[in-house]
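Below is one structure, written out as structure tokens; comments come after it.
Everything quoted here is computed from the prediction, not taken from an experiment. Throughout, a chain's letter reflects where its sequence line sits, starting with A, and its residues are numbered from 1.
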Amino acid sequence: MSSAIAGALLQARERGLLQSTCFPRPAVDFPRKEEWGDLSSGVAMVVAKQENRSPLEVAQVIAEQLKTTCPLVKTVSVAPPGFLNVTLRPDCWFAVLEAIERMGDRYGHSDVGRGQRVLLEFVSANPTGPLHMGHGRGAALGEALARLLKSSGYAVDKEYYINDAGRQMKLLADSVYARYLAMHGRECVVPEDGYHGDYLKDLTQAVVQEQGDRLLTAGPEDARRTCGELAAQKLVREIREDLVRFGVEFETWYSEASLFSSGKIREALADLEQRGLVFAKDGATWFRSSQFQDEKDRVVCKQDGHYTYLASDIAYHFDKLRRGYDWLINVWGADHHGYVPRMQAAIQAFGHAKERLRVVLVQMVRLLRGGKTIEMSKRAGEFVTLRGVVDEVGADAAKFFFLMRRSDTHLEFDLELAKQQSAENPVYYVQYAHARLVSLFRTARDRGVPVPAVGEASLAALRQPEEIRLIKHLSGFPGMLEASARELAPHRITFYLQELAGLLHVFYYKHRVLPSQSDGVEDPECNDRETFDVSNESVRVSRTVTIARLVLLKQVQVILRNGLGLLGVTAPEKM
RNA sequence: GCGCCUGUAGCUCAGUGGAUAGAGCACUGGCCUCCGGAGCCAGGUGCCGCAGGUUCAAAUCCUGCCAGGCGCGCCA
């Protein structure tokens with residue numbers, strides 16, 4: 001339509017109705033109100049300025065041209081202060097149904113990614129404890145982003161970066177070792193800044209099971225290391241299980257420790273050194289990140305000779321780039337936002353545009369039960385685990401809730417609401433819409449009513465406003481996905497689906513699809529016409545209307561399934 | 001002190017520079033002999049944090065304030 005209006009503008013100039021030599025690309029969008037037509041544009045107001053004429057006048061000129069040039073247009077009207085409101089011919093809408101049937105599960109998919117490779121890194125929690133709600137939000141988001149980007153033509157790999165090196169791991173090892181000693185009646189203290197959660201017991205138990213009391217005789221350093229390694233292994237295994245149960249799996253699990261052993265950190269830093277971006281000061285080694293947009297330089301190797309976390313991260317991202325990824329996307333907790341500039345500096349240091357790395361920040365989750373906040377204290381090891389939540393409300397509800405808000409805003413997650421099986425619960429509202437349709441088609445089959453292909457139906461029978469609204473909303477699916485992918489914002493999908501489900505329920509309440517059973521034989525009198533009169537208790541639908549509606553609803557079902565699928569949420573046949 | 005994020009209806013939140021700013025929840029009252037009532041309908045609410053600016057047009061862009069959150073380590 002945008003190009004149609006552009007064409008109208010050019011034609012108007014050719015005919016001497018407009019003077020300008022160049023026109024802006026006409027912006028077209030869906031008007032807020034139905035009375036304003038199907039599409040609208042404000043170009044006239046921009047053009048009016050350069051033409052030095054009133055917007056209404058210019059709009060009028062464009063409208064005239066558009067009517068004659070564009071066959072899709074049914075009517076064009078002009079509204080103050082200068083909007084063009086276009087109403088399309090009904091066939092345009094019916095074409096949407098054909099497209100959905102033709103494309104099926106791929107409707108709305110695109111090729112904007114052109115097969116470019118994306119490495120999507122998310123969750124990446126330290127293996128020092130079970131996953132909690134914040135990780136769950138990141139997991140749901142990452143999974144949805146992966147599916148969304150794949151649907152947009154990107155080749156996506158999901159990766160979990162295991163932070164199995166550094167201080168936190170040392171503390172874990174200390175904590176487990178201390179408990180191990182305690183379990184064998186030796187005196188010991190769990191370090192104050194170590195880990196104290198109940199899960200430490202299980203970890204220690206596992207170490208005992210595997211090693212017995214062998215570690216008592218080993219040197220303390222070896223024993224400590226063994227404790228740490230075994231604990232971390234077990235935790236990674238459990239994290240992986242939790243994620244599988246949540247419906248999230250990764251292509252690769254990348255170990256930070258491996259960056260040390262493989263020499264990749266040294267390599268990456270050597271590369272930076274060659275580029276003159278590393279220098280020594282105060283006995284430490286620094287990365288000259290201020291040369292890019294970072295506010296100051298950063299230490300990569302401490303005075304004591306150990307690498308900093310940044311060093312591993314630089315090496316890790318260097319490695320990602322070397323593996324041939326065109327785009328790197330990281331899902332991080334919002335408390336790491338200050339880290340973004342220095343990571344982008346690293347990307348630039350290796351000679352790439354900083355846009356190559358996009359970081360999606362995820363804000364905290366506030367957990368409620370029946371409106372009351374559940375306090376969590378990570379220090380005391382008391383927090384609600386992802387596993388606990390998934391067990392309680394189910395993976396579907398949990399994912400949907402995590403994805404209902406923009407990722408960079410705080411999220412309220414009410415466990416009672418997520419469990420509720422009613423219209424107040426958005427997940428059920430949407431899933432119910434799908435199950436309801438499945439059930440409808442089941443009934444249709446049982447009654448011997450065929451569900452034909454789009455081509456076999458007389459779609460012109462779809463004239464009720466509720467039907468047209470449904471079709472229009474279906475037509476918005478591809479655009480919504482495109483925006484969602486561009487902005488890395490899958491919450492748009494949840495809103496879209498709630499709206500679609502709402503439109504369906506309204507339609508379904510108001511109109512019949514299958515002929516009433518008592519109606520038995522088709523009534524020739526009501527051919528091509530629907531009567532719905534509650535007071536008379538007569539409900540009749542012609543065969544033509546039944547078929548057209550079944551065809552329409554089939555496509556609604558496809559979109560509900562596709563949309564839920566992109567969120568990683570199931571579309572149940574029955575509930 | 002500096003930086004980032006957020007400020008929209010009673011609550012939780014949508015809102016690619018466009019028209020009279022929306023949804024869900026909560027509240028009140030209705031609607032099931034027939035395709036799933038896990039549903040539908042009807043009721044009202046806003047100095048879009050404040051003040052300037054850019055624009056034909058600002059919740060949206062710019063500047064300055066105010067409030068809340070987060071960050072500002074040779075921690076990860």
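- Side-chain contact check for I547(A) versus V449(A): every heavy-atom pair is 4.5 Å or farther apart.
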Which pairs, protein N/O on one side and nucleotides 1-3 of chain B N/O on the other, fall under 3.5 Å?
residue : atom : partner : partner atom : Å
G3(B)   : N2   : H337(A) : NE2          : 3.0

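- The residue D414(A) sits apart from the nucleic acid: no heavy atom pair falls under 4.0 Å.
- With hydrogens and angles left out, the side chain of N85(A) and the base of A19(B) share a donor-acceptor pair within 3.5 Å.
- For G15(B), the OP1/OP2 oxygens have a side-chain nitrogen or oxygen of R406(A) closer than 4.0 Å.
- Base orientation of C25(B): anti (glycosidic angle beyond 90° from 0).
- Residue whose closest nucleotide on RNA chain B sits further toward the 5' end, between S439(A) and S41(A): S41(A).
- At whole-Å resolution of the value, NZ in K510(A) and P in G39(B) are 19 Å apart.
- Between R492(A) and V506(A), the residue anchored nearer the 5' end of RNA chain B, judged by the nucleotide with its closest heavy atom, is R492(A).
- In this structure, Y429(A) forms no aromatic stack with the base of A38(B), since the conditions of centre separation below 5.5 Å and plane angle below 30° are not both met.
- Atom NZ in K33(A) sits roughly 5 Å away from atom C1' in U20(B) (whole-Å rounding).
- The side chain of R32(A) contributes an N or O atom lying less than 4.0 Å from OP1 or OP2 of G22(B).
- Ring geometry, F401(A) versus F413(A): the interplanar angle falls from 30° to 60°, so the pair is classed tilted.
- If you take OH of Y509(A) and P of C34(B), they are 12 Å apart, rounded to a whole angstrom.
- Residue F495(A) is classed as a sugar-phosphate contact, given heavy-atom separations below 4.0 Å to backbone atoms only.
- One atom, CG of L56(A), and another, P of C56(B), lie 16 Å apart when rounded to the nearest Å.
- For C74(B), there is no paired base (Watson-Crick or G-U wobble, both distances below 3.5 Å).
- Nucleotides C2(B) and C11(B) have their P atoms positioned 31 Å apart, rounded to a whole Å.
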Distances for protein N/O vs nucleotides 74-76 of chain B N/O pairs under 3.5 angstrom?
residue : atom : partner : partner atom : Å
C74(B)  : O2   : Q303(A) : N            : 2.8
C74(B)  : N4   : D282(A) : O            : 3.1
C74(B)  : N4   : Q303(A) : NE2          : 3.4
C75(B)  : OP2  : K302(A) : NZ           : 2.9
A76(B)  : OP2  : Y309(A) : N            : 2.9

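- W286(A) and F279(A) have parallel rings, their planes meeting at less than 30° on a 0 to 90° scale where 60° marks the start of perpendicular.
- Relative ring orientation between Y254(A) and Y316(A) is described as tilted, the plane-to-plane angle lying within the 30° to 60° band.
- With a cut-off of 3.5 Å on both Watson-Crick or G-U wobble distances, the partner of G46(B) is given as none.
- For W332(A) and Y339(A), the ring centers sit closer than 6.0 Å to each other.
- Between H511(A) and F507(A), the two ring planes are tilted [angle within 30° to 60°].
- A side-chain N or O of S290(A) and one of D297(A) form a donor-acceptor pair less than 3.5 Å apart.
- In this structure, L504(A) places its CG atom 9 Å from P of C40(B), rounding to the nearest Å.
- The shortest side-chain heavy-atom distance between Y428(A) and M575(A) falls under the 4.5 Å cut-off.
- Note on V340(A): nothing from the nucleic acid sits closer than 4.0 angstrom, heavy atoms only.
- On the C1' atoms, C13(B) is 29 Å away from U55(B), given to the nearest whole Å.
- C56(B) atom C1' lies 8 Å from atom CE of M45(A), rounded to whole Å.
- Taking atom C1' in both A9(B) and A57(B), one finds a spacing of 25 Å when rounded to whole Å.
- Among the atoms of the strands shown, base atoms are found under 4.0 Å from some heavy atom of S40(A).
- Comparing G18(B), G36(B), C35(B) against the side chain of F83(A) picks out G18(B) as the nearest.
- Residues D313(A) and H317(A) have side chains in contact (heavy-atom distance under 4.5 Å, counting atoms from C-beta outward).
- Between the CG atom of L497(A) and the P atom of G24(B) there is a distance of 15 Å, rounded to whole Å.
- Classification of K320(A) and E121(A) as a salt-bridged pair holds, one side-chain N sitting under 4.0 Å from a carboxylate O.
- Side-chain atoms of Y432(A) lie closest to G39(B) of the nucleotides C34(B), A14(B), G39(B).
- Between the side chains of E256(A) and S312(A), a donor-acceptor pair is found at a separation under 3.5 Å.
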